[in-house]
Enquirer: 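Provided herewith is a single structure, encoded as C-alpha cells, for subsequent inquiry.
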2 protein chains.
Amino acid sequence: MVAAGAALADEVGFARLTMGLLAERVGVRTPSLYKHVGGQDDLNRRIAALALNEAADAVGDAVRGYAGRDALAAAARAFRAFVLAHPGRYAATIGQEPSGPEDPLATAGQRLLGAFTAVLRGYDIPDHEVNHALRLLRSLFHGFATLQAADGFQWSTDVDESFEWLIAFADRGLRTL
Amino acid sequence: MVAAGAALADEVGFARLTMGLLAERVGVRTPSLYKHVGGQDDLNRRIAALALNEAADAVGDAVRGYAGRDALAAAARAFRAFVLAHPGRYAATIGQEPSGPEDPLATAGQRLLGAFTAVLRGYDIPDHEVNHALRLLRSLFHGFATLQAADGFQWSTDVDESFEWLIAFADRGLRTL
DNA sequence: CAGTCTTGGCTAACGTCAGTAGCTTTTAGT
DNA sequence: ACTAAAAGCTACTGACGTTAGCCAAGACTG
C-alpha cells in the first residue's frame, strides 16, 4: 500500500500523487484506501519514512568496507543515485516534521544520519564538530540532489563532474579540520 | 497581487496558500483573482520568481563592499536570513522548472546565481572550476536553508553555530583549490 | 458630450479530490 | 458451521480551482 504509493509517486511525481490514482493502481475504489492509511497526510508521512529508511539502507550498504574518502564518495553516490531513482518518494520527505521521538519518520531520519555518521568516523574530527560536519554533509547532498531533481541547474556543464568535484571538496575539507 | 500571495504564503505556509484565502486577503471574491493571474500554477511561478529576485537582491546588497571570506559570510547569512524570513515564498521556488530562457523564473535564477558568482570572484578559482564551485555553494545553502525551514532533523545543537562552521568550511575549501 | 472599449468586479455553476457514513462481502479463527 | 474482524463497496459532503457569462466604472475617441 505505502510501497505502491511510493512507486506511483516516483512515476508521476509526488505533487500528482492522488488518492484516486493510487486506488486505481491497486485496483480498488478510493474509500477503501482509508482502511489501510489514515488519509493523505498519513500516506505522505509513511512514504517519507519509507524513503528515509531506504536511503539509509542504500548509504549504509554502499559504505560497508570503505573508510575515509572512499566511504564518503560511496555514500554520496549512493545517496544521489537513490534520490534520482526515486524522486517522488524522496520529495515526500521535504517539509515533514516528525511529531515526536517515537515517530517512525524520526527514527528513519536518525538511521540516515547514522549512516553518514559512520562515514565521518573515517576522518579525524573533534567531538564537538561532528554534529556540524554531519549537518554539512546532509545539507550538501540534500541540496545537490533536490536541485538536480528539480532541474535547478540549468547550466551546461556536466552535472556528474560537478558532483565528483563536490565530493573531493568535502573530502579535502574534512581531512583538514 | 503576487506580492500579497507571497506575503500570505509566508504567513500560513506555502502548502496552505489557497486561491480562496488570497481572495479573502485582498478583499475580493475568488473568481476575480483570475483577472490578474492565470491560475494557481501561474501564481506559484510568479511568487517563485519574486522570491528568487528578492533573494538575489538581498545577497547582492549584502556582498557589496566585501571580498573573500567576508563576502562569502555576508552572502551566506543574507541568503539564510531571507529564506527564514520568507519561508513561504522560498518554498514556492522548490520544484519549479523554468519553461525556457525567457521565463522570468529563469532570469531570476540567473540573477541569484550571479550574486554568488560575484562572491567567487574574491577567490582564486580556475576558470573550469567556477561552475562546480557555484553549484557547491548553491547546493550547500539551499540544502541548509530548506532543511532548517522544514526542521528536517532533530537539531540538538545550536543551528547558528553550525551555519557559521559551514561558512568557515566553505571558505577554507575555496581558498585552497 | 455620447458612444464604446477596457478593466475588474460579481454570481452561478462544474469537475476534481479528500474524506465520512453505513452497508456488504470476504476471510480467518474457533 | 458460526462469528468477528478485515477489507471492500456505494452514496454523499465539503473544499477548492476554474470557467462562463453578466455588470459597473472609468478611459479614450468621434
Side-chain angles (χ1 to χ4, degrees), chain A residues 1-52 86-100 103-105 150, chain B residues 1-51 86-99 103-105 150:
Chain A
M1 190 78 259
V2 174
L8 194 51
D10 288 339
E11 285 172 36
V12 305
F14 178 64
R16 274 185 284 275
L17 173 61
T18 187
M19 295 298 272
L21 201 58
L22 177 57
E24 188 182 337
R25 163 66 62 104
V26 299
V28 125
R29 301 296 185 141
T30 310
S32 303
L33 292 180
Y34 292 80
K35 292 291 162 78
H36 300 282
V37 298
Q40 185 139 69
D41 271 12
D42 179 54
L43 175 66
N44 292 162
R45 295 174 71 82
R46 290 213 230 167
I47 290 175
L50 175 68
L52 289 180
H86 303 288
R89 74 238 270 154
Y90 188 76
T93 68
I94 301 174
Q96 296 279 7
E97 316 184 24
S99 57
D103 193 329
L105 198 59
Chain B
M1 190 79 265
V2 173
L8 193 51
D10 288 340
E11 285 172 36
V12 306
F14 178 65
R16 276 185 282 274
L17 174 61
T18 189
M19 295 298 274
L21 202 58
L22 177 56
E24 188 182 336
R25 163 65 63 102
V26 299
V28 123
R29 300 297 184 141
T30 310
S32 303
L33 293 180
Y34 292 78
K35 292 291 163 78
H36 301 281
V37 297
Q40 184 139 68
D41 270 11
D42 179 54
L43 174 66
N44 292 162
R45 294 175 71 82
R46 289 214 231 167
I47 290 174
L50 175 67
H86 303 288
R89 75 238 268 154
Y90 188 77
T93 68
I94 301 176
Q96 296 278 8
E97 331 184 10
S99 58
D103 193 330
L105 198 58

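Keep in mind that what you see is a predicted model, and the values were worked out from it rather than measured.
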Enquirer: To the nearest Å, how far apart are B:Glu24 CD and D:dC16 P?
Expert: 10 Å
Enquirer: Closest heavy-atom contact between B:Leu105 and B:Ala48?
Expert: CD1-CB, 3.6 Å
Enquirer: Quick one: is D:dA6 close enough that its OP1 or OP2 comes under 4.0 Å of any side-chain N or O from A:His36?
Expert: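 No, because none of the side-chain N or O atoms of A:His36 sits under 4.0 Å from OP1 or OP2 of D:dA6.
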Enquirer: Using atom types as modelled and distance alone, determine if a side-chain donor or acceptor of B:Arg45 lies under 3.5 Å from a backbone N or O of B:Glu97.
Expert: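 Here the side-chain-to-backbone pair exists.
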Enquirer: In whole angstroms, how far is the P atom of D:dT10 from the CG atom of A:Leu33?
Expert: 13 Å
Enquirer: Does a sphere of radius 6.0 Å around CD in B:Glu24 hold more than 12 heavy atoms from other residues, nucleotides or ligands, not counting ones at 6.0 Å or beyond?
Expert: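 No, not enclosed.
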Enquirer: Between B:Met1 and B:Leu43, does a side chain to side chain contact (heavy atoms under 4.5 Å, CB included) hold up when you go through it step by step?
Expert: CA-CA 9 Å; B:Met1 190 79 265; B:Leu43 174 66; 5.6 Å; no
Enquirer: Distance check needed: D:dC16 P versus B:Arg29 CZ, whole Å only.
Expert: 15 Å
Enquirer: Strictly under 4.0 angstrom, non-hydrogen atoms only: write out the protein contact profile of nucleotides 17-23 of chain D, one letter per nucleotide from the 5' end, B, S or -.
Expert: SBB----
Enquirer: Just to verify, what does A:Ala91 make a side-chain contact (heavy atoms from CB on, under 4.5 Å) with, not counting sequence neighbours?
Expert: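 Checked A:Ala91 against side-chain contact (heavy atoms from CB on, under 4.5 Å); matches are A:Phe14.
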Enquirer: Enumerate the residues from residues 2-12 of chain A whose closest heavy atom to DNA chain D is under 4.0 Å, giving them by residue number; use none for an empty result.
Expert: none
Enquirer: Quick check for you: to the nearest 0.5 Å, what is the distance between A:Asp42 atom CG and A:Leu33 atom CG?
Expert: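 A:Asp42 atom CG to A:Leu33 atom CG measures 11.5 Å (nearest 0.5 Å).
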Enquirer: Just to verify, which of A:Asn44, A:Leu50, A:Val2 counts as forming a side chain to side chain contact (heavy atoms under 4.5 Å, CB included) with A:Arg89?
Expert: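 Only one of A:Asn44, A:Leu50, A:Val2 forms a side chain to side chain contact (heavy atoms under 4.5 Å, CB included) with A:Arg89, namely A:Leu50.
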Enquirer: Please tell me which of the listed nucleotides, C:dG9, D:dT10, D:dG8, lies nearest to the side chain of A:Ser32?
Expert: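 Shortest atom-to-atom distance from the side chain points to D:dG8.
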Enquirer: For B:Leu17, is there any backbone N or O sitting under 3.5 Å from a side-chain donor or acceptor partner on B:Gln40?
Expert: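 Yes, because the side chain of B:Gln40 sits within donor-acceptor range (under 3.5 Å) of the backbone of B:Leu17.
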Enquirer: Expressed in angstrom and rounded to an integer, what is the separation of A:Asp42 atom CG from C:dG19 atom P?
Expert: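 So the two atoms are 10 Å apart, to the nearest Å.
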